[in-house]
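The model shown is predicted, which means the values in this text are computed figures rather than measured ones.
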Amino acid sequence: MLKRISDRVASAEMTVAALLAGAVTLLVLLNIVTRAMGQAIYWVDELAIYCMVWMTFISTSAILKKRRGVAVTILTDQLPAALRRWLTVFSDLMILGFALALFVLCWRWYSPLALMQAGFDFQAFQAETFNFMYAENTNTLGIKKFWVWLVLPVFSLSLGIHALLNLFDSLSGSQQTMTGEPT
């Protein structure tokens with residue numbers, strides 16, 4: 001079941017990342033054209049940056065699921081298979097630990113329970129917690145920044161799912177752990 005969930009999440013991530021890459025391209029082209037015409041649209045740069053940030057986090061999660069990240073393997077290629085396997089387990093544990101730590105930090109930062117206790121009243125939430133994350137607007141788009149930052153908890157959840165599956169695969173000695181390809 002975890003494999004099915006991870007595969008579906010990764011498929012959705014790659015689709016969203018491709019759409020965001022297309023959006024970045026179109027936004028940059030729009031910016032070039034409107035500036036050349038002397039009619040620059042001032043919020044296009046900021047939206048392109050946010051699309052690129054989301055694309056980066058979302059695609060990183062899918063890439064780490066497939067074990068396709070950049071790696072220097074000159075040393076590990078020389079090690080015995082058993083030691084390589086344990087280094088893969090260690091790597092999977094580190095990624096899972098990072099995902100969990102990031103999720104905990106996001107949970108504390110977003111404080112959903114405190115927000116619920118405040119009745120979703122942002123002013124009361126800020127007065128109680130001195131957390132102003134829900135109040136700050138983006139520079140030119142004017143949307144609340146917490147919508148932009150929402151990529152972090154999304155990333156931590158999806159990365160955690162993928163890392164957990166990779167860890168199970170590594171511990172079971174699956175061929176996928178060494179090659180990144182399913183057997």
Side-chain angles (χ1 to χ4, degrees), residues 1-28 45-113 133 138 143-183:
M1 181 166 142
L2 183 61
K3 181 172 178 14
R4 239 189 348 237
I5 292 169
S6 178
D7 289 346
R8 287 185 180 159
V9 168
S11 177
E13 286 170 333
M14 292 311 292
T15 300
V16 169
L19 291 172
L20 288 169
V24 168
T25 303
L26 292 175
L27 288 167
V28 169
D45 286 337
E46 187 176 37
L47 183 57
I49 290 168
Y50 293 145
C51 286
M52 190 175 300
V53 167
W54 271 73
M55 177 192 67
T56 301
F57 277 103
I58 289 171
S59 61
T60 297
S61 177
I63 287 168
L64 288 174
K65 179 235 188 309
K66 296 177 181 182
R67 300 179 188 271
R68 301 263 171 118
V70 175
V72 178
T73 61
I74 193 165
L75 178 62
T76 56
D77 288 345
Q78 305 305 313
L79 296 175
L83 189 52
R84 276 198 313 259
R85 179 173 171 246
W86 286 111
L87 285 174
T88 302
V89 168
F90 176 74
S91 176
D92 292 338
L93 281 170
M94 295 302 292
I95 293 170
L96 181 59
F98 172 76
L100 291 173
L102 183 60
F103 182 78
V104 168
L105 290 172
C106 288
W107 183 266
R108 291 182 70 190
W109 188 28
Y110 274 81
S111 298
L113 296 178
M133 73 151 322
T138 59
I143 62 172
K144 299 294 182 192
K145 280 191 177 179
F146 78 89
W147 290 111
V148 176
W149 297 328
L150 197 59
V151 72
L152 292 171
V154 168
F155 170 70
S156 67
L157 282 173
S158 65
L159 183 63
I161 290 167
H162 300 324
L164 193 59
L165 176 66
N166 284 349
L167 179 61
F168 289 154
D169 283 348
S170 296
L171 290 172
S172 71
S174 168
Q175 283 295 92
Q176 184 175 353
T177 62
M178 294 302 185
T179 64
E181 297 295 327
T183 54

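- Once rounded to the nearest 0.5 Å, the distance linking CD of Glu13 with OG of Ser6 reads 8.0 Å.
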Donor-acceptor pairs under 3.5 angstrom involving side-chain atoms of residues 143-150: please list them, not counting sequence neighbours.
unit_1 : atom_1 : unit_2 : atom_2 : d
Lys144 : NZ     : Ala135 : O      : 3.4
Lys144 : NZ     : Asn137 : OD1    : 3.2
Lys145 : NZ     : Glu136 : OE2    : 3.0

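- Residues passing the side chain to side chain contact (heavy atoms under 4.5 Å, CB included) test with Cys51 are Leu20, Ala23, Val24, Leu27, Leu47, sequence neighbours excluded.
- Shortest non-hydrogen contact noted between Met14 and Ala62 is SD-CB, 3.4 Å.
- Of the inter-residue distances, the one linking Ile161 atom CD1 with Asp7 atom CG reads 11.5 Å to the nearest 0.5 angstrom.
- By the side chain to side chain contact (heavy atoms under 4.5 Å, CB included) test, Thr56 is found to be paired with Met52, Thr60, residues two or more places apart in sequence or in another chain being considered.
- For Leu96, the side chain to side chain contact (heavy atoms under 4.5 Å, CB included) test picks out Leu100, Ala163, Leu164, Leu167, with sequence neighbours left out.
- Remark: Asp169 does not engage Arg67 in a salt bridge, criterion side-chain N to carboxylate O under 4.0 Å.
- Considering OG of Ser61 and CG of Leu159, their distance stands at 5.0 Å, rounded to 0.5 Å.
- Shown here are the salt bridge (Lys or Arg N to Asp or Glu O under 4.0 Å) partners of Asp45, two or more places apart in sequence or in another chain: Arg35.
- If you take CD1 on Ile5 and OG on Ser158, they are separated by 13.0 Å, rounding to the nearest 0.5 Å.
- Here the straight-line distance linking atom CG of Leu102 with atom CH2 of Trp107 works out to 14.0 Å at 0.5 Å rounding.
- For the atom pair CZ of Arg4 and CG of Leu2, the computed distance is 10.5 Å after rounding to the nearest 0.5 Å.
- Here the side chain of Ser91 pairs no donor or acceptor atom with the backbone of Leu87 at under 3.5 angstrom.
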Review item, side-chain donor-acceptor pairs of residues 70-83, under 3.5 Å, at least two apart:
unit_1 : atom_1 : unit_2 : atom_2 : d
Thr73  : OG1    : Asp77  : OD2    : 3.0
Thr76  : OG1    : Thr73  : O      : 3.4

Verdict with reasoning, Leu165 to Lys65, per side chain to side chain contact (heavy atoms under 4.5 Å, CB included): CA-CA 8 Å; Leu165 176 66; Lys65 179 235 188 309; 3.8 Å; yes

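- The ring pair (Phe, Tyr, Trp, His ring centres under 6.0 Å) search around Phe155 returns Phe57, not counting sequence neighbours.
- In this structure, the side chain to side chain contact (heavy atoms under 4.5 Å, CB included) partners of Ser111, at least two apart in sequence or on a different chain, are Ala114, Phe125, Asn131.
- Legend: residues meeting side chain to side chain donor-acceptor pair (under 3.5 Å) with Tyr50, ordered by chain and number and at least two apart, are Glu46.
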Check step by step if side chain to side chain contact (heavy atoms under 4.5 Å, CB included) holds for Trp86 and Val89. CA-CA 5 Å; Trp86 286 111; Val89 168; 4.0 Å; yes

Begin from the C-alpha positions of Trp109 and Leu152 and carry the test side chain to side chain contact (heavy atoms under 4.5 Å, CB included) through to its verdict. CA-CA 11 Å; Trp109 188 28; Leu152 292 171; 3.9 Å; yes

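- Counting heavy atoms from C-beta on, the side chains of Tyr110 and Pro153 come closer than 4.5 Å.
- Pairs of residues two or more places apart, or lying in two chains, never qualify as salt bridge (Lys or Arg N to Asp or Glu O under 4.0 Å) while including a residue from residues 96-111.
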